[in-house]
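Excluded from the calculations below are hydrogen atoms, water molecules and symmetry mates; all remaining heavy atoms, backbone and side chain alike, are included.
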Amino acid sequence: LGDRPTINPDSFSSNLQSVTYCPKENEKWPGNIFGYNLPDYYLDPESPHLVGGVTPTESPNCSIASWDMDLDGSVDPLTDALLILRYAFGFRNQSLTESAISEESILTSIEVANNVEQALGIADIDNNGIVDALTDGLLLLRYSFGLRGNRLVSGVISLNAVRTSAADIEAYIESHMP
């Protein structure tokens with residue numbers, strides 16, 4: 001996520017066998033070409049091939065975050081979605097996690113809070129550049145309660161959102177399910 005990392009000729013060993021990359025989520029990344037001025041290797045953005053004879057593979061676990069904040073194996077509206085909503089409203093520490101961690105979770109409240117912070121990288125659901133409780137938080141809450149289609153997005157999409165259709169919102173949320 002974020003800006004493209006700096007790549008130089010010493011970034012890869014001479015016996016490079018594979019490259020793992022994450023799918024394009026951010027318009028800045030991976031961009032047109034993965035490497036700058038690499039004499040033998042670069043990622044072709046039009047196909048998943050690293051020029052130089054190596055084919056990279058997409059990692060199934062690129063995101064370190066999913067919607068399962070307490071790692072109990074499911075996304076629940078009254079735990080995981082509530083944690084994102086609370087965080088977006090400014091709750092921290094005990095007020096963030098109190099009564100919002102599944103009884104099946106083996107994580108401490110501090111570990112859950114860390115997971116919530118990591119999830120901020122994926123939490124801008126409507127893709128307007130801001131994680132907001134009354135848009136992104138409500139979208140995740142509604143989705144985890146089972147709302148789909150217009151009932152999911154009605155009245156909660158930011159005016160400057162990039163991701164606006166129910167289908168796009170649903171697909172994005174689903175892409176980060178555990």
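With respect to M69, the side chain to side chain contact (heavy atoms under 4.5 Å, CB included) criterion is satisfied by exactly one of I84, N114, L107, T97: I84. With S158 as reference, N128 is the one residue of N128, N127, D124 to meet the side chain to side chain donor-acceptor pair (under 3.5 Å) rule. The side chain to side chain contact (heavy atoms under 4.5 Å, CB included) with V156 is formed by just one residue from the set I169, D132, L138, L141; it is L138.
With values rounded to the nearest 0.5 angstrom, L139 atom CG is found 10.5 Å from E170 atom CD. Rounded to the nearest 0.5 angstrom, L85 CG and L96 CG are separated by 10.5 Å. Between the CD1 atom in I101 and the OG1 atom in T79 there is a gap of 9.0 Å [rounded to 0.5 Å]. Here the CD-CZ distance, from Q94 to R92, works out to 14.5 Å after rounding to the nearest 0.5 Å. Distance check, rounded to the nearest 0.5 Å: CZ of R163 to CG of D136 gives 9.0 Å.
Of the possible donor and acceptor atoms, none in the side chain of S74 sits under 3.5 Å from a partner among the backbone N and O of D76. Judged purely by atom type and a 3.5 angstrom limit, S95 has no side-chain atom pairing as donor or acceptor with the backbone of F91. Proximity of a side-chain donor or acceptor of Y87 to a complementary backbone N or O of A113 within less than 3.5 Å is not detected. Panel note: side chain D70, backbone D80; no donor-acceptor pair is recorded below 3.5 Å. Checked by atom type and distance alone, the side chain of D68 pairs as donor or acceptor with a backbone atom of D72 at under 3.5 Å.
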- Please report the C-alpha distance between W67 and I122 in whole Å, then the side-chain angles of each, then the deciding distance to 0.1 Å, and finally whether the side chain to side chain contact (heavy atoms under 4.5 Å, CB included) criterion is met. CA-CA 9 Å; W67 304 124; I122 64 170; 3.9 Å; yes

- Message: Run N150 and L152 through side chain to side chain contact (heavy atoms under 4.5 Å, CB included) and show every step you take.
- Response: CA-CA 5 Å; N150 192 49; L152 172 65; over 6 Å; no

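Closest non-hydrogen pair, G73 versus P178, comes out as O-CG, 4.3 Å. Considering every non-hydrogen atom in both R142 and R151, the closest pair reads NH1-O, 3.3 Å. Residues A81 and P77 come closest through the heavy atom pair CB-O, 3.6 Å.
Side-chain atoms of D126 and T164, non-hydrogen and from C-beta on, never get closer than 4.5 Å to each other. Side-chain contact between I125 and L140 is present, with heavy atoms from C-beta onward closer than 4.5 Å. Side-chain contact between L78 and F145 is present, with at least one heavy-atom pair separated by less than 4.5 Å.
Under the 4.5 Å side-chain contact rule for hydrophobic residues, I130 and L134 do not share a cluster. One hydrophobic cluster, built from ILVMFWY side chains closer than 4.5 Å, cannot hold both L82 and L147; they sit in different ones.
By the neighbour-count criterion of 12 heavy atoms within 6.0 Å, atom CZ of R148 is densely surrounded, having more than that number from other residues, nucleotides or ligands.
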